[in-house]
Amino acid sequence: MLKVLIVGEVDNMKEKIIGILISVINNLENIISDSVDSEIQLLKQDIRKVSVNNQHLININIDRVSELCPRLDVIDVSHLKFYQGILSLGRNLGDYEKGKIKNILAKVNTFLFDYDKKNTENIKNSKEKLKKCNDLLAVIKDDGILSSHDIDLMYELLHDNNVDINEAISIMRFIAISSIDGFALEEKDEDDLEEHEEYEESNNNVDDLITLFNKYGSNFKLFTEEEQEKIIKYGNIEKITEIFEALKKNNILSIDIHLKKRSKTLCRMFLKSNSELVESIFDVCKKHGIASTGNFVDFGILLEKPSKFFKSKKRKKRKEPGTIVTPPGGGGPFPELENDEYGLHDDFIQNVEFFANQGVDVGVAYKKCPFCFDISHEHIRTGVKNLELYGIGSLNYLNSLSCFGTRNQADAIDLFIELGYFNYIKNNLSRTLLPVNSPVFYRIARANQLGELVWSNKNSTTLKLDVTNLNSSFLGIDKENGSSVVGQYNPTFARSKEYEFALSKSDNNTTTLSESDEIIKKLDERYLIDGEPPVYLIGGVRISKIKVLRLYNTLKLNSLSDTQDSLMFAITRNSILTREQFINISREISELFYERDRSNVRRILI
Amino acid sequence: MIEFLNGYIDKDVLDNLKTNYSSVLFDLNCNQDECIKVIDFLERIGIKNVSELLLYRTDLFCKTLSDVEEMFLSKNTFDLVSKINDNIFEIDILFE
């Protein structure tokens, strides 16, 4: 079960993580400040001076040269010291000695060049790592949400700093939980209340509002009576004026046409948005050609998905279903919205910039798939990480942005891999939206059982229409009966509920811990077959290795791993297996655990 | 926030939306009345998988009825409905 941490434990764990981070940051800062970069440049300068006038040799610290160039021959070092001695006595050197010095310093120069190159690289890496660590520290101090990159970095730091394994596991568990809920696990409703805006009743004069709307070519009376009342009661004349000005600046000289269609949205906008948010959305749309022609943005299109005009709320924690928080002031104009996250302003801008940076024609993409821009940025990042796990890069997903309609592409991809259709899913990523109990999977599984092909063309790129048609009964499989037709065995495990609960709280897309697990290494040794992405062939059944790694990783983070049951759960979850296939896998895994335990006992006895 | 869809859309699809796509709930909520009209329209023209469609193309349900009608009329409606019933991804044709 997911352990709920109490305040003291949260603080304690936070302190530990902050302590580790500060120590790493100090080390990195030392590495950077201790950098011999400037010293090397000075030494190079001195060497150049020697080549002009040998007398300069007396200014060079030969011992330091020897330290910086450990590969320099000791005889060369002693020669340099000898010539330095001669010069310091005020004697001149002959041509032989001068030639000798020149040769030795040429060697030094070569060594310094190598050293310089390596040093620059190290400094660059250290600086990058320092920035990441500082960012992570800020997120943790700020009780923010950790991204999967943060989790990977923390794992790397724990590993590199030889933190005790038990402590490392407890920290990683804490991080995993916190990545879902934020660090403020036990900070109660005060936090939620802070999220809500205070509404002051302004009780405006209706005539003032009518005049204001008229001034901007609009008719206040086009709002419904209920909406008018809300604006009269809670509207801020100054704020409304600023929003009108922002619209005017963007050539929206009247909002009547929109009021007729979307008065509810505009009412919310006047009460809960502001001119800065409105302007920034117009700016980004103009910049990237979203719903716009030249300098003119189609406000109507933007209003179809209005969440972008509202401030993104800081995502601190997921609320338990049914949690009711009463906002101050008795609920404000939209009590029905107070408990929900709906503003996506920052996410929209981040999504646009993200896809634009990847080379997407955002204007076209928004027209085809606005959904992908109007969801949280973290959702997109999770999707990208999921796809990258399978080596699916931007070249594939940028042509199929609808695949970001889910944040769990991995389950469908695993199933396609196990059925032998990875290339198909790679080129048809919108199919990652299929739920794992879709008849499409059962039809492919049935075709595999019967040795039939389901391609509609010779190139094996498109599936037969009957396979993807939800309403067909291809191979006797309709919407409901797929599982029974293929004879699917649905195993239950003693701790299934706990496993499922752990998976439901995670994105299940990290594999760092499971990759180094002893039993996974044994699986690799015995069952891994060649191919990309990697597949295990266990008891004659294809199992996606990435599925096993990511699910087992989550179980491990929740201290639910290291049993035969948990591994079997990770191996067989979502797979379309018959009872016989399940038994075959189970037999193999039993043997694997038996061997592992036997070798452990042997090790102890020896 | 999307209680208004109860009875129009399958419960599991609504649960899925609430759990995984909370960000679109507000957009749908802002368009309540038109959204219901769009659902009625889609059912009237013979689309059988409206619930799945909502999950796949939420943006269609954020439009007004007149916009959606126009989108369908600009295509061969009968043919398109049949294609969508066979494969919901065919709805993308409307957005091309």
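Note on naming: letters A, B, ... go to the chains in the order of the sequence lines (proteins, then strands), and numbering restarts at 1 for each one. Computed from a prediction, not measured in an experiment: that's the story for all the values here.
Distance check, rounded to the nearest 0.5 Å: CG of A:L433 to CG of B:L55 gives 8.0 Å. Atom-to-atom distance recorded for B:F89:CZ and A:N428:CG is 9.5 Å, nearest 0.5 angstrom. To the nearest 0.5 angstrom, B:F95 atom CZ is 9.0 Å from A:C369 atom SG. Atom SG of B:C62 sits about 13.0 Å away from atom CD1 of A:I301, to the nearest 0.5 Å. Interatomic distance, A:T265 OG1 to B:F26 CZ, rounded to the nearest 0.5 Å: 7.0 Å. With rounding to the nearest 0.5 Å, the separation of CG in A:L303 from OG1 in B:T64 is 11.5 Å.
Of the atoms belonging to B:N85, heavy atoms from both backbone and side chain fall under 4.5 Å from chain A. At a 4.5 Å heavy-atom cutoff, the contact between B:E52 and chain A is made by side-chain atoms alone. Contacts between A:S307 and chain B at a heavy-atom distance below 4.5 Å involve backbone atoms as well as side-chain atoms.
The salt bridge (Lys or Arg N to Asp or Glu O under 4.0 Å) test applied to A:E500 returns A:R573, not counting sequence neighbours. Residues meeting the salt bridge (Lys or Arg N to Asp or Glu O under 4.0 Å) test with B:D67, sequence neighbours left out: A:K261.
The side-chain heavy atoms of A:E304 and B:D27, taken from C-beta on, include no pair separated by under 4.5 Å. Counting heavy atoms from C-beta on, the side chains of B:C30 and A:R262 never come closer than 4.5 Å. Contact of the B:D59 side chain with the A:K305 side chain is registered, since non-hydrogen atoms from C-beta on lie closer than 4.5 Å. Within the 4.5 Å cutoff, no side-chain heavy atoms of A:D374 are placed close to those of B:V24.
Put simply, of A:P306, A:G405, A:G300, the one with the most heavy-atom pairs under 4.5 Å next to chain B is A:P306. When each of B:Q32, B:K48, B:R57 is checked for heavy-atom pairs under 4.5 Å with chain A, B:R57 comes out on top. Per-residue heavy-atom pair counts under 4.5 Å with chain A were compared for B:D92, B:N87, B:N49, B:D86, and the maximum is reached by B:D86.
A:L465 CG: more than 12 foreign heavy atoms inside a 6.0 Å radius. Residue-environment remark: NZ (A:K464) exceeds the threshold of 12 foreign heavy atoms within 6.0 Å.
The stretch residues 37-47 of chain B participates, sequence neighbours left out, in these side chain to side chain donor-acceptor pair (under 3.5 Å) pairs: B:E34-B:K37.
Of residues 5-12 of chain B, no residue lies under 4.5 Å from chain A by any heavy-atom pair.
Judged by distance alone, with hydrogens and angles left aside, the side-chain atoms of A:K264 form a donor-acceptor pair with the main-chain N or O of B:N29 at under 3.5 Å.
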